Structure formats: structure tokens, C-alpha cells
Amino acid sequence: MTAAAHPLLTHPTPDSIVAWRQGEAVTVAGFLGDVARVAAALPPGRHVLNTCGDRYRFAVGLAAGLVSGRVSLLPSTITREVVGHLRAFAPDVFCLADGNQDAFGLPCVAYPDDRRQDTAPRAIPLLPDDLPVAWLFTSGSTGMPVPHRKNWGALVRNVRAEAGLLGLTDGRRHTIVGTVPAQHSYGFESTVMVALQSGAAFAAGRPLFPADICAAIAAVPRPRALVTTPFHLRTLLDSGVAIPALDLVVSATAPLSVPLARDTEARCHAPLLEIYGATETGQIACRRSVETAEWQLFPGVELTQEDGRTWASGGHVEGKVALDDVLELAGPGRFVLHGRSADMINIAGKRSSLAYLNHQLCAVPGVTDGAFFVPDEETPDGVTRLVAVVVAPGLDATALTRALRARIEPAFLPRRVLFVAGLPRNSTGKLPAEALRTLVAAHPKRQP
Amino acid sequence: MSQITTAAIQDSPPTEAGTALQTEVAGLIVTALNLEIKPEDINPDDALFGDGLGLDSIDILEVALEVSKRYGFQLRADNEDNVRIFRSLRSLADHIAGQRTL
């Protein structure tokens, strides 16, 4: 049987623009030259931890892996703990880096930058659908990250559907400016992959501050799409900067409030589309947030509900995949999102589970018992920070936080650490959420 | 600001105005991030990232937003090197002193 195949990119000519690097266009020919050059420079290992912060270098590293039979590992964060798991998962893993990212002892190869574009004619690689592209990881419930394999065919089907829904396939050749890292599943799909598969271009930078975002937008030609998150959008709008003309704004990782969605469309003079997805399924729904609260499923994707859970299948989704969120089916291809399952945590787009975080907390030497607590959200589109309730007679907050920093992503580090003599566990050892809430409420925040 | 100027400021006793601004910025950080410490507990030369105060990129954006409102200028990251400005309370206050319009 011959497996189906799809090209690495769908741009029509060797002169088509794939990326913008500091005002300089990189063509298909230049990109393919870089891919060949970097592929030849990679060490023998078959697994690549691609930490390149520059989106262009990340994309070249990804493609160099694809054409040379190497799979990318895309953990959501890189801590000593995570690198330990990656080594166990793929002992031949090496790191491809473009900065001073600490790879915690992994063999590291510096991205071999060369700004002279080698534009010799090269065929666009055709990649089989069953080619493994990347492993993404979610936090499991036992302290072990759970790997999810992304195959080329499913990924291509997913981002082509996305490109259609976002209007990127209208022939106008958008340029995508992203504020999300290329290593995050949303950034991976919606900045790099979607551009490669829709003839669009992406900007290499990853602007952080509002003024940087505006400069990055202004530096590329229209039509322009900004791919971002509710948190970045809120800080962008609140900063009061003049936002250069946009033609599309895309947000994902957490639902936007309706006021922020309206404000975004009014200030950016562009439609705002929200995407819903999960690491396990890829992107499966979108909505125009100022018009409807209902999400529209991607073509071919279906939801079913059984055993109190929602399952996605069809379309680009391989098999039948359980979702972590609470969904209400609202008609053919539509649903309303009611929030995450109680165990799931989302802080500024970074996801984890309480079970995973609690496991990491209790694994810190000196901690005899402990649990994370999620305070009620104070403001929509804001960021909730966690509280840790800990039994650890020999530790102080600084020592505990330092130990946790080696284990979990900084976003999940506790903003408050509450030391207690014991947790209010019931007779079966469970920790009722209400008991924990009462305990935290009984320890009012110290007034600075 | 050149490195020479920065070194000169760090080597000389802090001016009254510089110290006042540091105290003010420390208060802004504590308020913006809802921290459970007193502004005067932030050592001007301790790292704001990592093992010092332990800020992350979410915090940096929150602080940057407050800085832009209070001091009337937008922070920019040179080559994404926001670490430089946010290295310490002193470096952030120095940056603000050189850029503020309010």
C-alpha cells in the first residue's frame, strides 16, 4: 500500500515568501536551502528538542528534522525534571538551540545561522502522511508527562482546515505575526504549520511587550494576521499603544471575555476569531466571538458524550479522543464551552493538571504533604496565580519555591505558600475542595 | 544607556532621586503583582527573575503595563532581551529614569 503524501509547503513558486526576518523576506528557495543546510548539520540522534526562540529558525529546524527522519520533541516547558523525562523517553535526544537556553546537560547543537540565502533550485519535499512530526506532551495525573504523537497527514489536514476557516486561503497571502512560542501546540499549528500549508508567510520574531508587537506588525506587509492569546491581547489593548492595521486577529488557549473580544475588533478594525483545541486533538473548533458564544466544529470533526465526558473524532482527529473540558452540544457541529474539568489548570495559556502539580509538590524533599489551590478568578482575561498549602516543617517559602522551580513551569509556581500543620483530609485520605478553600480563607493574605 | 554610565551609577552612592524612584517602582511591582512582601523588602540588586523575586514572563508583562501607564513610555525588548531591563529593581528603575515622560 502506498501511503498518501503532502508537500512540506504549498507556496506556488520558488519566489513565494515563506517568512520575514527583520524586514527581510525569505523565499521558498531560501527556506529550502536553509533546511538542507541545517539537516546536514544535525547530529545522528533521531529526536530533536528544538528550543529556537526565533520562529524562522524553529521552522527550519522542524523541516530539517522532517526531511531527515528526525522527530521533534515539544514539551510545554523545559525544566530539569522535564529533561529527565525526555531523556528516558528518547535517549538519543539532542537540543537545537539559538540562544542560551539551559538544556540541563542534553547534547546541544547551536542553530547554524547563515543569512546568505542559498536559493539553488530544490524540489519541495513530499512527506508521507504517516511520518511522525512531533511528540507533544501533556501533564498526566501521576507526575509523568503523557506523550502525544503528531503525524504529518493529520497535522496537514488540521491546519489546512484551520487556514480555510480563518480565511487564509482566499489567495491574498497573509503574513502571520505570533506572540506565542512555536513550541506551544497552538503556536506550532497556528503560526508555523498553517503558514507552510496555506501559502502564507510568518514573521520570525516573537514580540513580548505591546510596543514590540506593534513594531512586528508594522514590519510586515498586509494582509496581516496576529496570532495571540487573551492575556497578550489584554495587555496590548490596555497599554494604549496605536495598533498598526491588522486584517485578522486569532486568539486561543483560553476563552476571551465578550468585552475584550468587542474591544479587540473595535481597536484592531479586524475580525477576531477564537480557536478551541487541545494538545490531544489539535484544533477542533472556532468562533467569531463578537457574534456568538457557540463554537463551530472543524469540517468532519464530531463530538459524542458518554460516561460524563466528551469525545472528539472524525476529520483530522485520529481515533476517538477524550476532551478535558466540560462541553454542551448545541446542535449540528456546534457546542458551548462551560469550562475546564475541575482538575485542569490554565494559566495564561499554559495548561497543567492539579494532580500533576500536587505530585510534584509532594515530591520535593522535606514536604510531607501538600496541595495546590486555585483562587477564584479576580478579573476576566486576567491571570490567576496558585496558592500552595504545604506541610513541610523544615522548609521556608523561598526554599520550597526554588525546589519547585526545577520541577514545574514558572507560571504554576505558587504566589503564596501557606505552611500548615496538616491538610484537612477526610477519612479516605481525600482532600475535599471545600475544606481546602476554607483553610486558605482562614489564612488571610498578609497585607504588605 | 551605555555600560559605562550604568557602571558609574552603580559605583557611586545612590542619589536621593534614584532611591526614591526605586522605592516607587518597588511599590508598583508589589501592587501590580499582588505580592505578599513589602516594597522595601526588594533588594535593589537582587534578580527579579529566577531565584530572586522569581518573576516570570507573565509578571514581566503585567509590570510593563503598569510602567507604561505610570511613566508614559512603552517598554521595548532589544532582541527579546527583556531580561536585561528586568534584571533587578535597580536596572528597571534606571531604565525608567532614562525613558519616562511622566
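These numbers come from the heavy atoms of this one structure, side chains and all, not from hydrogens, waters or symmetry mates. Worth saying up front: this structure is predicted, and the values here are computed from it rather than measured. We name chains A, B, ... by the order of the sequence lines, and we start the count at 1 in each one.
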Any side-chain heavy-atom pair of A:Thr79 and A:Arg405 under 4.5 Å = no
Identify whether the distance between the nearest side-chain nitrogen and carboxylate oxygen of A:Asp113 and A:Arg21 falls below 4.0 Å.
-> yes
What option among B:Leu33, B:Thr31, B:Leu75 has the most heavy-atom pairs under 4.5 Å with chain A?
-> B:Leu75
B:Leu65 versus chain A, the contacting section by heavy-atom distance below 4.5 Å = side chain
Could you tell me whether B:Asp59 and A:Arg415 have a side-chain N and a carboxylate O separated by less than 4.0 Å?
-> yes
Most heavy-atom pairs under 4.5 angstrom with chain B, which of A:Gly240, A:Ser239, A:Ala411?
-> A:Ser239
At what distance, to the nearest 0.5 angstrom, does CG of A:Leu96 lie from CG of A:Asn50?
-> 5.0 Å
Given that the side chain runs from C-beta out, which part of A:Thr401 has a heavy atom under 4.5 Å from chain B: side chain, backbone, both or neither?
-> neither
